[in-house]
Amino acid sequence: MDVSHIFDELNDAQRAAVAAPPGPILVLAGAGSGKTRVLTCRVAWLVEAMEISPLSILAVTFTNKAAREMRGRIEKMLGFPVGGMWMGTFHGLAHRLLRQHWQEAGLSQDFQILDSDDQLRLIKRSMKELALDEEYWPPREVQWFINAHKEEGRRPDQVPQGPDPQQRTLLGIYEKYEGLCRRFGLVDFAELLLRAFELIKDNQILRERYQKRFQHVLVDEFQDTNSIQYNWLKLLVGQSRNLFAVGDDDQSIYGWRGARVENILQFERDFPGTQTFRLEQNYRSTGNILSAANGVISRNDGRLGKKLWTDGAEGELVKLYTAYNETDEARFVIDRIAAWADNGGLRSEVAVLYRSNAQSRVFEEILLDVGMPYRVYGGLRFFERAEIKDALAYLRLCSSRQNDPAFERVVNTPTRGIGNKTLEQIRAYAGGKDLPMWDAMEIMLRGNDLSGRARGSLTVFHSLIEEMTGQFRGQDLTARIEIMLELSKLIEHHQKEKGEKGQARVENLQELISAARNFEHEEDDGLKPMDAFLSHASLEAGEGQAEEWEDCVQLMSLHSAKGLEFPLVFLTGLEEGLFPHQRSIKEPGRLEEERRLCYVGMTRAMQQLYLTHAEVRRLYGRENYTRPSRFLAEVPGEFLSEIRVTRAAKEYSYNPPAVSPGMADEGDGDVSVGGQVSHPKFGDGVVVHIEGRGDYARVQVNFEAAGSKWLVLAYANLTTL
DNA sequence: GGGTTAACCTTTTTT
DNA sequence: AGGTTAACCC
């Protein structure tokens, strides 16, 4: 078969990787070096040139979105659908495996997936049953402890026991939590991976079966795999050793959640004879952007050593803007985007990147103000919204009565007079008898321990769920959701709420119906459509916003920007404590990860890159003086050009009008927001707010030494600088 | 049992 | 600041 079309748009290094003879292959692919293209072409090459059946291929990606895109590209390249090819995220694939082999995996057939929110609740409950104080044992840290061990493949009895009594308590919670998961038929995210791993490890028949089936395994974003994921891959690959891993150690930014860059180094040790390819030619960014990014990343130690180059144009210098505060920063950025659009650019070609999602707010406010369309990525996703989770919990409970988290979620939502006291009774009974709360409730309804009122309310709830389940019979997924919304009165409940929030919730619930209508599950995993939908809702949290068709500016965190590219990029908030983040500054390892994050951000830019920082930033309601990020100093000066905006221009366009002339006691200028002033006692500072006019005007000044003060202008004796 | 106020706590993210 | 959760009162 003629496979030349696969190679048409590849360079020599890419071509070598794509057509490498099967075996262990490691592709170190720098930012913008055509990583996805190599992966896609490799699959096409396997199918066309090697005549490998798509059924024998397993491909793992980092997100569901990436999986969908890659499948689309491969099908376009091949010209036929490859439905039989296993392709997805580690969690998605593990889930599929566990559904097909629930018995061998020791799970109940109707097991449901526990998201991190529900996981936290269940951990709290475990702690309650162990009578542990949440003050002393913060549930979030316990959650972290449990997940970290699971991600390293350790069950409670496999955690190395030290003499540390704290550790012993944590292990006790881990054990208790596992027991509850088992009792309720629940599997958390880390458990999906761990179970799937153990299934393949311990079950020789299945292991050999899948090793035989998956002749070729491909992994994207290999630098972001954790220990259990890598071990699972190694098991699946078996003796064939046909593992094709693509990654970039410089773009490892998920160490904080268990990802191990070391897997890249380990790869060559685990698979002697690995063919390693380096993709260092960058097709994305201009020379200056690339040099600037290289300058920053070169400060990291222990890199595999890779130097990106381009034969494209030098392009413009990277631009640096020092804003007065975060509002000024946003104004500046949006001004430039407007200019870009005025010159014929698309707004969707522009990305505003930040370290943490909270930073999007200021940008949003001003974008709204000037009426520029935008889209924010990240934040609360569709299936994570409270009202959606409530609705799904009804479905879950109908599908599996033993699901306690679902029970707790809906038993009194909307309120029907079942309070904490009654619930405590049920919990205590359930805990004692090792029963799900549903069963406990049924027994208690037959007994005499409940108050009349509680009994009445619980009976209502009980028949509601039974009625719902009954009406579900013979109905399709969409109809079931309509029945559930009708009987539960969830929509009515939110309609009664005041404000726009209630309206938004109602709309979201209605949106759930269309989500169900659009949901197609084609997998032959033997799942009923509703259970498939519930799993889908857990595994794929859904986009935060509906697809936007308008030409929008893209706002997102640096983490979500990975894998994307934009002609114009603004990397904002480059300040010590914000980026690098406060909590990463002390540890060298974490700091290096922040630097990689910076590198990822910079290398998203194709034509122009702006770096911005603010001198004053409001954080947690406090005004803070900032210091420029160390990463700014790490950009080699020759690739940087500083943008200076005159103070007059800044005030004209961005700041509220200055206090009327003559109000400042001394000095040659007016006191205005953003202006530098000096006070005889407090020293130098910057005016942050002005309230009122004339004699009664009050100003807030951030003094470099004395902090923030409110002063009455007439008495303050300020000198403008 | 339900609604209202006071303390609290802030990464990054997918699954 | 803002949002959530926990204590508190009706």
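Since we're looking at a predicted model, the values are computed, not measured. In what follows, chains are A, B, ... by sequence order, proteins preceding strands, each numbered from 1.
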S.K.: Starting at atom NE2 of A:His91, determine the distance to atom C1' of B:dT15, rounded to an integer number of angstrom.
M.R.: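 Interatomic distance, NE2 of A:His91 to C1' of B:dT15: 4 Å.
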S.K.: For B:dT14, does either OP1 or OP2 sit under 4.0 Å from a side-chain N or O belonging to A:Thr89?
M.R.: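 No, outside the criterion.
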S.K.: Using whole Å, report how far CZ of A:Arg361 lies from P of C:dG3.
M.R.: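 These atoms are roughly 8 Å apart.
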S.K.: Report the distance from atom CZ of A:Arg121 to atom P of C:dT5, rounded to the nearest whole Å.
M.R.: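 Atom CZ in A:Arg121 sits about 7 Å away from atom P in C:dT5.
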S.K.: So does A:Thr422 get a side-chain nitrogen or oxygen closer than 4.0 Å to the phosphate oxygens (OP1/OP2) of B:dG1?
M.R.: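 Affirmative; the distance criterion is met.
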S.K.: Is A:Ser116 side chain donor-acceptor paired with the B:dT15 base, going by distance under 3.5 Å alone?
M.R.: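 It does, because a donor-acceptor pair links the side chain of A:Ser116 to the base of B:dT15 below 3.5 Å.
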S.K.: What is the distance, to the nearest angstrom, from the CG atom on A:Leu539 to the P atom on B:dT15?
M.R.: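 From A:Leu539 CG to B:dT15 P: 8 Å.
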S.K.: Assign A:Asn64 to base, sugar-phosphate, or nothing according to its heavy-atom contacts below 4.0 angstrom with the strands shown.
M.R.: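 Since only primed, P, OP1 and OP2 atoms lie under 4.0 Å of A:Asn64, the category is sugar-phosphate.
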S.K.: Would you kindly give the CZ-to-C1' distance between A:Phe579 and B:dT11, to the nearest whole Å?
M.R.: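 Those two atoms, CZ and C1', are 12 Å apart.
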S.K.: Output the rounded distance in Å from CD (A:Glu141) to P (B:dT11).
M.R.: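 Rounded to whole Å, this separation is 13 Å.
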S.K.: Is the aromatic ring of A:Tyr254 within stacking range of B:dT13, meaning centres under 5.5 angstrom and planes under 30 degrees?
M.R.: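 A stacking contact does not exist, since A:Tyr254 is not both close and nearly parallel to the base ring of B:dT13.
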S.K.: From the options C:dA6, B:dT15, B:dT12, select the nucleotide whose nearest atom is closest to the side chain of A:His559.
M.R.: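 Closest of the options to the side chain of A:His559: B:dT12.
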S.K.: Just the rounded figure in Å: distance from C1' of C:dA6 to NZ of A:Lys124.
M.R.: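 Taking NZ of A:Lys124 and C1' of C:dA6, I get 10 Å after rounding.
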S.K.: For A:Asn412 and B:dG1, is the shortest distance between a side-chain N/O and OP1 or OP2 below 4.0 Å?
M.R.: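 For B:dG1, neither OP1 nor OP2 has a side-chain N or O of A:Asn412 closer than 4.0 Å.
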S.K.: For the side chain of A:Arg257 and the base of B:dT12, is some donor closer than 3.5 Å to an acceptor across the two?
M.R.: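 Donor-acceptor pair under 3.5 Å: no.
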S.K.: Which part of the nucleic acid does A:Arg622 contact within heavy-atom distance under 4.0 Å: base, sugar-phosphate only, or nothing?
M.R.: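 Touches nothing.
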S.K.: Just to be sure I understand the rule, does A:Phe90 reach a base, reach only the sugar-phosphate, or reach nothing, if contact means heavy atoms closer than 4.0 Å?
M.R.: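 No contact at all - A:Phe90 keeps every heavy atom at 4.0 Å or more from the nucleic acid.
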S.K.: Starting the side chain at C-beta, find the nucleotide from C:dA1, B:dT14, B:dG1 nearest to A:Arg453.
M.R.: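 Minimum distance to the A:Arg453 side chain belongs to B:dG1.
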S.K.: To the nearest Å, how far apart are A:Lys128 NZ and C:dT5 C1'?
M.R.: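 Rounded to the whole Å, the gap is 13 Å.
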S.K.: On the nucleotide B:dT10, are OP1 or OP2 found under 4.0 Å from the side-chain N or O atoms that A:Arg140 carries?
M.R.: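 No.
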S.K.: Check whether any side-chain nitrogen or oxygen of A:Asn357 sits under 4.0 Å from OP1 or OP2 of B:dT13, and answer yes or no.
M.R.: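 The answer is yes; a side-chain N or O of A:Asn357 sits under 4.0 Å from OP1 or OP2.
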